[in-house]
Amino acid sequence: MTSAAIYGCLGHRLTEAEKAFFAEVRPWGFILFRRNIDTPEQVRALTDELRASIGDPEAPIMIDQEGGRVQRMGPPHWPKYPPGAAYLKATNELAQARELARLGARLMAHDLREVGVTIDLLPVLDVPVPGAHDIIGDRAYGVDPETVAVLGRAAAEGLLAGGVLPCIKHMPGHGRAFADTHKDLPTVHADLDTLDAWDFAPFKALSDMPIGMTAHIVFTAIDRKHPATQSKKAIRLIRERLGFGGLLLSDDLVMNALSGSLTQRAHKALKAGCDLVVHWNGDMDEMRQVAEGVGPLKGGARRRAEAALARIVRTPEPLDPVAGHDRFFKAMGGRMDAAKGPDVGEAQA
C-alpha cells in the first residue's frame with residue numbers, strides 16, 4: 001500500500017539498497033535535488049528507475065525549479081531562469097510581467113517533462129515584509145499581495161499548460177519570518193487581520209491549485225505552541241479560511257525549525273493534517289526513521305492525491321521551445337546573470 005511520504009535519493013542512479021527500501025515502503029512519490037542532476041539522459045534514466053522501484057510508471061516526481069537561487073536543473077544542459085522578482089523589474093508593467101511569468105513557467109515545464117518530472121514546487125506565494133529574513137527575498141514575485149497573486153497564478157498556469165503540476169508554497173505565508181527555517185524556528189506575532197490581508201491573500205487567490213506546501217513557522221495568532229506544519233489549528237485555517245482543498249505537503253522534515261526525532265516529526269505533521277511528508281536528503285537511516293512515523297495514504301488524503309494527479313494535462317499546450325526561449329530571454333533583457341543574495345540550500349522546498 002502507498003505510504004504518505006515523499007523521499008529523495010543520494011546520487012545520479014539508485015543503489016540496490018535504495019531500490020529495496022522504496023519497494024518495501026512504497027512512497028507516494030519522490031523529490032530530486034542538484035546532487036541527482038547531471039545530463040538530461042541521466043535524469044530521465046533516474047526518474048524511470050525511481051518509478052520502477054515501486055512498480056508505478058506514473059509515480060509523481062517533484063523538484064524545486066523556481067529560477068534564481070533555487071534551480072536544481074541548470075546550465076550547461078538547461079537555461080538559467082530568473083528569480084520571481086525579475087519579471088516585474090524587466091517590464092515595470094504587471095500585464096507584461098504576467099505574460100513573461102507564464103512563458104517562463106511553460107518553458108520550465110517543457111524542461112521538466114522531458115526528463116520525467118511531473119511536479120514543480122512553484123509558485124512561491126510568500127509576500128516579504130521590510131526587514132524579514134532574505135531566505136525568500138527575490139524568490140517572491142513582488143512586495144504586495146496582489147502582484148504576488150497575479151504573477152503566481154501566471155506561473156501556475158504555465159506549468160499546468162505544460163503538463164506539470166504546480167505547488168503553492170509556503171502556507172500560510174513565509175514572508176514575515178525573521179529567521180531561516182533551515183536553521184531556526186521563526187515566530188510571527190502579527191494579528192490575524194494583518195495576516196489575512198497580507199500573508200494569506202495570495203494563497204486564498206490560488207486556493208484552486210492542486211498542491212500546496214506548509215511553512216515551518218509559528219504564528220502566535222493561530223497556534224502559539226506548534227509550527228504550521230504540525231499545527232491542527234493552522235492546517236484547519238489553511239483548509240477553511242484560505243479555502244485550500246488540494247493535496248497538502250509538509251516542507252522538508254530535516255529542517256532545524258522542527259524538533260524531535262524524524263519519526264516524531266513525520267507523525268506530528270500527518271496527525272496535524274498534512275497529507276504527505278517530505279524527506280529530501282536520501283540518507284537511508286533517516287528515511288527509515290521517517291517511515292516509522294508514516295502510515296498508508298488513505299481517506300481524504302488519498303482522494304486529494306488522486307485529484308491532484310488528475311490535473312496533469314496529458315497533451316501539453318503546443319510550444320516551440322527554441323523560439324520560446326529566444327523570446328523569453330530577449331524580453332527579460334538577454335542572458336540572466338546569477339541571482340544575487342544567499343544561496344538557498346538543498347533542503348529548501
State, with a plain yes or no, whether a side-chain heavy atom of [X] is found less than 4.5 Å away from one of [Y].
{"X": "Pro27", "Y": "Thr2", "answer": "no"}
{"X": "His174", "Y": "Leu125", "answer": "no"}
{"X": "Glu66", "Y": "Pro123", "answer": "no"}
{"X": "Leu249", "Y": "Thr214", "answer": "no"}
{"X": "Thr263", "Y": "Val290", "answer": "no"}
{"X": "Trp78", "Y": "Val115", "answer": "yes"}
{"X": "Arg72", "Y": "Gln65", "answer": "yes"}
{"X": "Leu122", "Y": "Leu159", "answer": "yes"}

I'd like to know if [Y] and [X] are part of one continuous hydrophobic network [Ile/Leu/Val/Met/Phe/Trp/Tyr, side-chain heavy atoms within less than 4.5 Å].
{"X": "Val117", "Y": "Leu319", "answer": "yes"}
{"X": "Val129", "Y": "Val218", "answer": "no"}
{"X": "Trp198", "Y": "Phe200", "answer": "yes"}
{"X": "Ile31", "Y": "Leu10", "answer": "no"}
{"X": "Val127", "Y": "Leu192", "answer": "yes"}

What closest approach, in Å, do [X] and [Y] show between heavy atoms, and which atom pair accounts for it?
{"X": "Gly163", "Y": "Arg113", "answer": "O-NH1, 3.2 Å"}
{"X": "Ala190", "Y": "Ala221", "answer": "O-CB, 3.4 Å"}
{"X": "Val148", "Y": "Val124", "answer": "CG1-O, 4.2 Å"}
{"X": "Leu276", "Y": "Ala5", "answer": "CD2-N, 3.5 Å"}
{"X": "Ala97", "Y": "Leu151", "answer": "C-CD2, 3.6 Å"}
{"X": "Ser3", "Y": "Val25", "answer": "OG-O, 3.0 Å"}

Can you measure from [atom1] ([X]) to [atom2] ([Y]) and round to the nearest 0.5 angstrom?
{"X": "Ser250", "Y": "Lys268", "atom1": "OG", "atom2": "NZ", "value": "14.0 Å"}
{"X": "Asp199", "Y": "Phe219", "atom1": "CG", "atom2": "CZ", "value": "6.5 Å"}
{"X": "Cys274", "Y": "Leu248", "atom1": "SG", "atom2": "CG", "value": "5.0 Å"}

* Structure fact -> The residue among Asp144, Ile136, Asp138 that forms side-chain contact (heavy atoms from CB on, under 4.5 Å) with Pro128 is Ile136
* To do: Quickly, which of Asp111, Leu112, Ile63 forms a side-chain contact (heavy atoms from CB on, under 4.5 Å) with Val164? Name it, please.
  => Leu112
Distance-only, no hydrogens or angles: does the [X] side chain make a donor-acceptor pair with backbone N or O of [Y] under 3.5 Å?
{"X": "Asn92", "Y": "Lys89", "result": "no"}
{"X": "Arg153", "Y": "Ala205", "result": "yes"}
{"X": "Asp191", "Y": "Thr194", "result": "yes"}
{"X": "Arg265", "Y": "Leu253", "result": "yes"}
{"X": "Arg176", "Y": "Val188", "result": "no"}
{"X": "Asn36", "Y": "Cys9", "result": "yes"}
{"X": "Gln264", "Y": "Gly260", "result": "no"}
{"X": "Thr118", "Y": "Pro60", "result": "no"}
{"X": "Ser207", "Y": "Lys204", "result": "yes"}
{"X": "Glu286", "Y": "Leu262", "result": "no"}

* If the plane angle is over 60° it's perpendicular, under 30° parallel, otherwise tilted; pick one for Tyr87 and Phe328. => tilted
* To do: Could you check whether the rings of Phe329 and His325 sit parallel, tilted or perpendicular, using 30° and 60° as the cut-offs?
  => parallel
Are [X] and [Y] close enough that a side-chain donor and a side-chain acceptor fall under 3.5 Å?
{"X": "His216", "Y": "Thr229", "result": "yes"}
{"X": "His170", "Y": "Asp126", "result": "yes"}
{"X": "Asp252", "Y": "Trp280", "result": "yes"}
{"X": "Asn281", "Y": "Tyr7", "result": "no"}

Does a salt bridge link [X] with [Y], judged by any charged N lying under 4.0 Å from a carboxylate O?
{"X": "Arg98", "Y": "Glu157", "answer": "yes"}
{"X": "Glu306", "Y": "Arg302", "answer": "yes"}
{"X": "Asp48", "Y": "Arg44", "answer": "yes"}

* Asked: In this structure, are over 12 heavy atoms from other groups packed under 6.0 Å from Glu146 atom CD?
  -> no
* To do: Return yes when atom CZ of Arg327 has more than 12 non-hydrogen atoms of other residues, nucleotides or ligands closer than 6.0 Å, and no otherwise.
  => no
* To do: Take Leu270 and Val277 through the test side chain to side chain contact (heavy atoms under 4.5 Å, CB included) and record every step on the way to the result.
  => CA-CA 7 Å; Leu270 294 170; Val277 293; 3.8 Å; yes
* From CA spacing to verdict: side chain to side chain contact (heavy atoms under 4.5 Å, CB included), Asp208, Phe244 -> CA-CA 7 Å; Asp208 59 314; Phe244 180 69; over 6 Å; no
* To do: Take Asp56 and Arg51 through the test salt bridge (charged side-chain N to carboxylate O under 4.0 Å, His left out) and record every step on the way to the result.
  => CA-CA 5 Å; Asp56 182 357; Arg51 292 186 168 107; over 6 Å; no
* Should Glu99 and Arg106 be marked as a salt bridge (charged side-chain N to carboxylate O under 4.0 Å, His left out) after you check the CA-CA gap, both sets of side-chain angles, and the distance that decides it? -> CA-CA 10 Å; Glu99 292 179 9; Arg106 176 66 187 88; over 6 Å; no
* To do: Could you walk me through whether Trp28 and Leu309 pass side chain to side chain contact (heavy atoms under 4.5 Å, CB included), step by step?
  => CA-CA 11 Å; Trp28 180 74; Leu309 295 183; 3.9 Å; yes
* To do: Sort out for me which residue in Arg139, Lys169, Arg69 forms a salt bridge (Lys or Arg N to Asp or Glu O under 4.0 Å) with Asp64.
  => Lys169
* Give every residue pair that meets the side-chain hydrogen bond (donor to acceptor under 3.5 Å, both in side chains) criterion with at least one member in residues 308-322, sequence neighbours excluded. => Arg102-Glu317
* Kindly indicate, with the supporting measurements, whether the criterion side chain to side chain contact (heavy atoms under 4.5 Å, CB included) is fulfilled by Val43 and Leu32. => CA-CA 9 Å; Val43 179; Leu32 302 182; 4.1 Å; yes
* To do: Please list, chain by chain and in numerical order, all residues satisfying side-chain hydrogen bond (donor to acceptor under 3.5 Å, both in side chains) with Ser259, sequence neighbours excluded.
  => none
